[in-house]
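Reviewing the structure listed below.
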Amino acid sequence: MKMASFASTECFLPLYQSRLAPAHYQQNGTSAILHLNCKSKKSLSFSSSSSFSTQGTSLCYAVERKERSLFAQTAAVRHLMGSVTRTQGLRFAVVVARFNEIITKQLLEGALSTFKNYSVSEENVDVVWVPGSFEIGVVAERLGKSQKYHAILCIGAVIRGDTSHYDAVANSAASGVLSAGLNSGVPCIFGVLTCEDMEQALNRAGGKSGNKGSETALTAIEMASLFEHHLK
């Protein structure tokens, strides 16, 4: 089998040029050997059959232990995370939809209870009611741009009916909350339930699946802390 010719006989290990002398390529018959000559007068040869030979009393490694450690030498990595315990001075707004109030009130109670449990004072929480989930986004954006709050909770409940109205409202609510956060620069947390039926909604508003309002409040605390303490 013929060997492909090299355009250059230089060693293709620039990281270790200080330890290796120039390499040379040699072909005998059907075999090819690449010699790496070390400054310590020892050489390392590789043949087309993947075997290698050494000269001298010890093998000169192209990558020695000390040199391999260079790959692991990186700058210290900083991990920035919000905290649910550093809540002093953090202010929150909660935007709540009245539609499906039997659900949204329980979600709000879960959120307020969580704020209290994590030492957020009642004076630092404002609750704003809107007609439905569709209206949450525009109000959340206005609150965020006021620069009075460190995070905005958005609470609502959209339950599938017999028409496509569910899809329109659910999608609009999600995109509205996302846009509110991006446009205001304040974390806007999506706490709008999108459920197939009332049973699913009740299960997520304090039933067997927990209270999503409480989970939303925890997310808001962590994001507010992250922005306030690390991303200002």
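Note that the structure is a prediction, hence the values are computed from the model and not measured.
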Is the backbone of S179 close enough, under 3.5 Å, to the side chain of N183 for a donor and an acceptor to pair up by distance? yes
When you measure from the side chain of R204 to the backbone N and O of Q200, does any donor-acceptor pair fall under 3.5 Å? yes
Hey, could you give me each pair passing side-chain hydrogen bond (donor to acceptor under 3.5 Å, both in side chains) that has a residue in residues 223-232? Not counting sequence neighbours. R86-H229, H150-E228, E228-K232
Can you tell me how far apart CG (L202) and CG (D197) are? Round to the nearest 0.5 Å. 9.0 Å
Are V125 and L90 joined in one hydrophobic group, where the rule is that I, L, V, M, F, W and Y side chains link up if heavy atoms are under 4.5 Å apart? yes
Answer with yes or no whether the hydrophobic clustering places V177 together with I189; edges join I, L, V, M, F, W, Y residues whose side-chain heavy atoms lie under 4.5 Å apart. no
Treat each ILVMFWY residue as a node, draw an edge where side-chain heavy atoms are under 4.5 Å apart, and state whether V127 and V130 are in one component. no
List the atom of S184, the atom of A180, and the distance in Å for their closest heavy-atom pair. OG-O, 2.6 Å
Applied to residues 111-120, the side-chain hydrogen bond (donor to acceptor under 3.5 Å, both in side chains) test, sequence neighbours excluded, yields T114-S214
I'd like to check Y166 versus T194 (side-chain heavy atoms, cut-off strictly below 4.5 Å). Are they in contact? yes
Are I221 and V94 co-members of a hydrophobic cluster defined by side-chain heavy atoms under 4.5 Å apart? yes
Residue pair D126 / Y149, side-chain donor-acceptor N/O under 3.5 Å: yes
Short question: side chain of R91, backbone of K148 - any donor-acceptor pair under 3.5 Å? yes
Can you find a heavy atom in the side chain of V158 that is under 4.5 Å from one in the side chain of V192? yes
Taking the side chain as every heavy atom from C-beta outward, state whether T104 and R98 have any pair of such atoms under 4.5 Å apart. no
Distance check, rounded to the nearest 0.5 Å: L153 atom CG versus F92 atom CZ? 7.5 Å
Examine distances only and state if a side-chain atom of S146 and a backbone atom of L143 form a donor-acceptor pair shorter than 3.5 Å. yes
Over all atoms of both residues, closest heavy-atom pair of A151 and A220: CB-O, 3.7 Å
Are there over 12 heavy-atom neighbours, none belonging to L178, within less than 6.0 Å of that residue's CG? yes
Mark yes when over 12 heavy atoms from residues, nucleotides or ligands other than Q88 sit less than 6.0 Å from its CD; otherwise mark no. no
To check you understand the geometry: which heavy-atom pair defines the closest contact between I152 and A140, and what is its length? CG2-CB, 4.0 Å
Measure the spacing between OG of S133 and CZ of F190 and express it to the nearest 0.5 Å. 7.5 Å
Return yes if some donor-acceptor pair links the side-chain N/O of Q106 with the main-chain N/O of I103 below 3.5 Å, else return no. no
In short, A111 meets I155 closest at the heavy-atom pair CB-CD1, 4.2 Å
How about V128 and V96: do any of their side-chain heavy atoms sit closer than 4.5 Å? no
d(C154 SG, L107 CG) to nearest 0.5 Å is 12.5 Å
Rounded to the nearest 0.5 Å, what separation is found between the CD1 atom of I136 and the CZ atom of F99? 12.5 Å
Ion pair present between K145 and E141, side-chain N to carboxylate O less than 4.0 angstrom? yes
When clusters are formed by joining ILVMFWY residues with side-chain heavy atoms under 4.5 Å apart, either directly or through shared neighbours, do L218 and L108 land in the same one? yes
Any chance you could measure W129, atom CH2, to E101, atom CD, to the nearest 0.5 Å? 5.0 Å
